[in-house]
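In what follows, a single structure is set out as structure tokens and then discussed.
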Amino acid sequence: MQRNYSSCYREYYFHHDHPDALPFVFSSRIIIRIKRQPSLINEENRLLAWHCMRPIHLNFRTINHVYRHQWKKKMELRQLRNFLAVAEELHFGRAAKRLHISQPALSFDIRKLEERIGVKLFLRNNKEVRLTRCGDALLIKCRSLLEGADELQQMLHSYAQGKKGFIRLGFINSMLYRGLPEAIAQFSRQYPGVAVALKEMGTQEQILALEKRQIDIGCANGAHFPPCIRADVVVEEAFVCCLPQAHPLHQQATIDLSALRQESFILFAPEVSPHFHHQILAQCAAAGFYPRIQHQARTWETIITMVGMGLGIALVPQGLQHIATERVGYRPLVDMLLTTRVLLLRHQDVHESCIPLLAQVLQNHINPVA
């Protein structure tokens, strides 16, 4: 960094990892105050201290030449690619043509590389170009370094395009009967480089996990979502009555909800799905009764199994009426306004490219009615 104080003098800050190296301009001399630390006593500081013994006028070129930092002397991938071309062709003209650059530019770049690393890489004259022993050693490593850089670039492009990655998917139990396994199988065929980890979770658990970034996408039922969660509706369907095969109402084509006032209900536990629990209670209240809640469960599959065992009746989403048909029956409800929605949940600021790809596959494979 440089600051102008007058037309004659300039102050040059000596950049160093240690802030104790502070230069000052004073009466046409550069005075360097360096704290006595072994890490600060190097060739650059000796040169600066020597120049401080006499009045001098420095310009940018002098500073850049004498005090340039050692950390700048690093090889670049471009220089390594140029070196590799010359080392394989052993001819600057053919190497320049291969690299699509001019021969003088290539010669200059190789010379700068040799100056930067401080060793001679080529022996060249008017007749031939040969590698030195240092050049041979660099050639062995150079190929693997450039191959590794190319592989790294391809890997990063794959991640950016969604072809590679890792997705944590939370899902409610009923998704297993709505086409989730088929959707994951299809996604794995299309994007074999993306791994998907499944975790069964309730809707409220998925919301908390998304807020804490513990999952990347969720398949859940309707609920109240915070502003940071994006919820896309995949399926919206009505509820049906699930009852044992031997139940008298099983013989009817449709069932009036008020006819269930004397039945024992099996509902979701309110702590697992408060949305469904309270919605069913509200629907029954609109029909003129409060349901007798005999049992509670955590999944739709468990609820349907308990109905098949004769423990009560339940209101379940229409998309699940293919489960346990040998033990239970499903009948439409008259004037039933209650519906359920299957939603895809994501955080609003999703950065992984593979997550929207999985969401699209899920949108196409989740079945509204199985």
Side-chain angles (χ1 to χ4, degrees), residues 1-4 10 12-17 39 42-48 50-51 56-165 191-194 351-354 357:
M1 186 173 82
Q2 127 183 348
R3 296 179 183 174
N4 292 326
R10 293 180 179 180
Y12 292 90
Y13 276 91
F14 177 63
H15 292 282
H16 200 278
D17 290 338
S39 59
N42 53 33
E43 186 61 24
E44 292 179 347
N45 287 343
R46 290 194 189 97
L47 286 170
L48 284 167
W50 180 78
H51 280 297
I56 56 172
H57 294 282
L58 297 179
N59 56 33
F60 179 76
R61 180 174 296 181
T62 306
I63 286 287
N64 190 51
H65 176 73
V66 178
Y67 308 115
R68 64 175 180 261
H69 304 298
Q70 296 297 321
W71 60 265
K72 290 184 178 179
K73 298 182 178 181
K74 295 181 180 179
M75 291 181 286
E76 301 173 1
L77 288 178
R78 174 184 57 81
Q79 293 177 317
L80 290 178
R81 295 187 196 281
N82 292 350
F83 164 79
L84 181 62
V86 177
E88 291 179 345
E89 299 290 344
L90 292 178
H91 191 281
F92 276 82
R94 291 194 298 268
K97 186 176 181 180
R98 168 176 158 182
L99 294 168
H100 304 289
I101 61 175
S102 66
Q103 182 175 336
L106 178 60
S107 299
F108 177 80
D109 202 46
I110 294 297
R111 186 163 60 252
K112 296 300 288 184
L113 174 62
E114 291 176 329
E115 291 176 2
R116 176 164 290 188
I117 61 180
V119 298
K120 203 76 172 174
L121 299 174
F122 295 99
L123 297 173
R124 45 192 179 271
N125 52 42
N126 293 333
K127 294 183 179 180
E128 64 175 353
V129 176
R130 291 188 293 112
L131 284 166
T132 63
R133 295 189 66 179
C134 291
D136 281 325
L138 179 58
L139 179 60
I140 295 172
K141 291 290 186 181
C142 184
R143 287 194 179 99
S144 61
L145 284 172
L146 292 177
E147 288 174 1
D150 291 339
E151 290 176 2
L152 177 61
Q153 187 176 16
Q154 292 174 4
M155 181 190 72
L156 294 176
H157 281 304
S158 296
Y159 273 99
Q161 296 168 5
K163 295 179 180 178
K164 281 187 177 293
Y191 305 98
V194 181
H351 301 293
E352 296 293 335
S353 301
C354 52
L357 298 176

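Because the structure is predicted, anything quoted here is derived from the model rather than measured.
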In a check of side chain to side chain contact (heavy atoms under 4.5 Å, CB included) between V86 and each of L99, L106, L121, which one passes? L106

Atom of L146, atom of L77 and distance for their closest heavy-atom approach: CD2-CD2, 4.0 Å

Nearest-0.5 Å distance that lies between atom OH in Y191 and atom CG in L357: 4.0 Å

Is there side-chain contact between D109 and F83, with at least one heavy-atom pair below 4.5 Å? no

About how many Å separate SG of C142 and CD of E147, when rounded to the nearest 0.5 Å? 9.5 Å

Sort and list the pairs that fulfil side-chain hydrogen bond (donor to acceptor under 3.5 Å, both in side chains) and have at least one residue in residues 136-145, not counting sequence neighbours. E88-R143

What pairs with F92 under ring pair (Phe, Tyr, Trp, His ring centres under 6.0 Å), at least two apart in sequence or on another chain? none

Compare all side-chain heavy atoms of T132 with those of F122 and state whether any distance is below 4.5 angstrom. no

Do L80 and L138 have side chains that get closer than 4.5 Å, going by heavy atoms? yes

Give me the atom names and distance for the closest heavy-atom approach of G165 to C354. CA-SG, 4.3 Å

CG of L84 to CD of E89, rounded to nearest 0.5 Å, is 9.5 Å

Enumerate the residue pairs fulfilling side-chain hydrogen bond (donor to acceptor under 3.5 Å, both in side chains) with a member in residues 120-130, sequence neighbours excluded, ordered by first and then second residue. E114-R124, E128-R130

